[in-house]
Number of protein chains: 2
Amino acid sequence: MDILSKVEPRDLKLNANEWVYNSLCQLILSGEFVPGISFTFRGIANSFGVSTMPVREAANRLISEGALDMSEKRRITVSQMTQSKFDELKVARLYLEPHLAGLALNHINSKRLNLLINIDKNLDYAISTGNVVDYIKYNYQFHFGIYEAGSSPVLLPLVRTLWLRFSPFYRIVSGRAGTQTMKDFHKSAIDAIKDKDSVALINAMHSDILEGMEMLNESLNE
Amino acid sequence: MDILSKVEPRDLKLNANEWVYNSLCQLILSGEFVPGISFTFRGIANSFGVSTMPVREAANRLISEGALDMSEKRRITVSQMTQSKFDELKVARLYLEPHLAGLALNHINSKRLNLLINIDKNLDYAISTGNVVDYIKYNYQFHFGIYEAGSSPVLLPLVRTLWLRFSPFYRIVSGRAGTQTMKDFHKSAIDAIKDKDSVALINAMHSDILEGMEMLNESLNE
DNA sequence: ATTATTAATTTGTGATCACAAATATGATAG
DNA sequence: CTATCATATTTGTGATCACAAATTAATAAT
């Protein structure tokens with residue numbers, strides 16, 4: 001697989017392992033990796049043009065975060081989704097993400113608000129044109145554009161690991177179900193931010209997550 | 001620091017990095033590591049009698065889980081607690097752990113129940129004698145003795161990372177505040193398990209976590 | 001054609017080495 | 001005694017190598 005073309009070039013201020021880690025995260029979160037796909041340390045190392053060392057550190061980290069699996073066949077794979085995994089991811093997201101948004105609310109300035117509005121515009125366009133890859137990308141940017149405003153030291157990294165776990169699955173399902181059926185709770189989230197209404201923001205995020213996850217759940221039971 | 005004496009001997013079926021990881025986890029969760037203490041890869045490697053490679057993998061994993069920090073001074077340290085970290089850990093625990101206990105309830109057989117009763121007995125003794133180290137150990141065993149019954153693939157590892165984060169801090173505070181003031185919601189949890197009463201178990205766990213974390217919070221504000 | 005057996009290749013793991021950057025140490029000057 | 005600078009040591013990082021275990025390919029047998 002041609003990986004380098006889909007990845008940001010290396011910033012030499014960053015360590016090699018961080019570059020590889022960030023790149024793999026980006027590939028996972030953008031739905032580029034599909035469940036079941038498998039790699040080897042040496043294969044990834046060749047793709048990135050580095051030795052196996054930084055790849056081992058990056059991949060092992062993703063394995064410990066649950067985003068990747070080390071199969072018993074000595075291969076690194078993107079985990080398959082199961083019903084119990086999905087149910088727990090849904091519960092964790094519903095508990096943590098609205099709260100995280102609430103924590104971030106007071107740190108969202110007008111510049112960030114405009115950024116969110118712009119992201120949501122791109123999101124609408126992706127939906128109308130059925131562009132699944134862009135949909136996933138802008139949906140991530142919207143959610144974490146809110147969450148990252150608060151820079152929560154515990155919940156933010158935690159929620160990020162949840163997204164690393166379901167994003168590959170998201171890609172498959174969206175490819176089948178399409179993006180037409182998705183409602184858009186982002187508008188009410190933006191209104192809540194404008195009004196500095198914490199409760200309304202929490203409700204909007206909750207509804208958005210619930211609807212998105214239930215759509216995924218339907219596809220899981222096909 | 002003499003580490004090997006406080007750690008289980010290596011099971012040769014396990015990889016070296018897993019042995020080191022499990023051992024470091026045990027040391028953190030038992031309160032053996034106090035916030036601020038610092039290490040180097042080579043130092044840990046010498047203590048365990050292995051090369052730096054498995055130590056790098058184990059320590060980097062703990063760093064990515066938030067249990068350890070890589071300081072800007074090139075040292076691996078046990079993270080200091082801050083108020084915002086603490087608040088987020090408290091919220092995450094209160095949201096996730098009672099739910100996790102609820103998921104596990106139906107998988108707790110009589111053998112495990114007896115184990116829990118026995119652990120709680122040891123816990124009472126530790127409280128009555130003011131043995132902080134044992135208190136931490138048996139409290140962990142009690143909680144995870146419940147949680148692990150359900151083998152939840154997402155929530156269980158997630159909650160474990162929360163414990164890795166606050167356990168070192170727990171040790172310090174318990175050393176100051178003592179164990180006398182701690183109430184014991186474990187009894188009502190055991191009753192709820194006997195009755196297969198999910199709601200009662202969730203409430204008991206919630207109260208237990210809330211009380212424990214509020215005691216810690218008082219010490220944080222001294 | 002299908003299965004069983006052997007050989008060849010590839011894999012993750014752990015150890016070792018080189019290296020730049022950071023830290024600690026020591027000497028020197030005020 | 002304190003501050004400053006040069007030197008020596010230690011650090012994390014990344015590359016390379018050895019090796020056993022596992023996978024894959026190739027061969028032989030039915």
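Labels below follow one simple rule: chain letters A, B, ... track the order of the sequence lines, proteins then strands, and each chain is numbered from 1. All of these numbers come straight from a predicted model, not from anything done at the bench.
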| said: If only side-chain N and O atoms count, and only distance matters, is there a donor-acceptor pair under 3.5 Å linking A:Y147 with A:H143? | reply: yes
| Angle class for the A:W19/A:F48 ring planes (parallel below 30°, perpendicular above 60°, tilted otherwise)? | perpendicular
| said: What I'd like to find out is whether the side chain of B:D69 reaches to under 4.5 Å of the side chain of B:S71, using heavy atoms alone. | reply: no
| With side chains defined as the heavy atoms from C-beta onward, is the minimum distance between A:I63 and A:N60 less than 4.5 Å? | yes
| said: Restricting to side-chain contact (heavy atoms from CB on, under 4.5 Å), what partner residues turn up for A:N118, sequence neighbours left out? | reply: A:N122
| request: Assess whether atom CD of B:Q83 is packed by more than 12 heavy atoms of other residues, nucleotides or ligands within 6.0 Å. | output: yes
| message | Using side-chain heavy atoms (C-beta onward) and a distance below 4.5 Å, is A:R56 in contact with B:M53? | response | yes
Donor-acceptor pairs are to be reported for all side-chain atoms of residues 154-167 of chain B against protein atoms at under 3.5 Å, with residues two or more places apart or in another chain.
from: B:R160; atom 1: NH2; to: B:Y21; atom 2: OH; distance (Å): 2.7
from: B:T161; atom 1: OG1; to: B:L158; atom 2: O; distance (Å): 2.6
from: B:W163; atom 1: NE1; to: B:E97; atom 2: OE1; distance (Å): 3.4
from: B:W163; atom 1: NE1; to: B:E97; atom 2: OE2; distance (Å): 3.0
from: B:R165; atom 1: NE; to: B:E65; atom 2: O; distance (Å): 3.3
from: B:S167; atom 1: OG; to: B:W163; atom 2: O; distance (Å): 2.7

| field | 4.5 Å side-chain heavy-atom contact, A:M70 and A:R75 | value | no
| field | Strand contacts (DNA chain C) in residues 61-69 of chain B, 4.0 angstrom heavy-atom criterion | value | none
Polar atom pairs between nucleotides 5-9 of chain D and protein, under 3.5 Å, N or O only, would you list them?
none

| Should A:D134 and A:Y125 count as side-chain neighbours, where that means a heavy-atom distance under 4.5 Å? | no
| Which parts of nucleotides 11-19 of chain C does protein reach within less than 4.0 Å, heavy atoms only, written one letter per nucleotide 5' to 3' as B for base, S for sugar-phosphate only and - for none? | BBBBBB---
| request: For the residue pair A:R10 and A:L12, establish whether any side-chain heavy-atom pair is separated by less than 4.5 Å. | output: yes
Filtered N/O pairs between nucleotides 5-8 of chain C and protein, under 3.5 Å:
none

| request: State yes or no: are the ring centers of A:Y135 and A:Y140 separated by less than 6.0 Å? | output: no
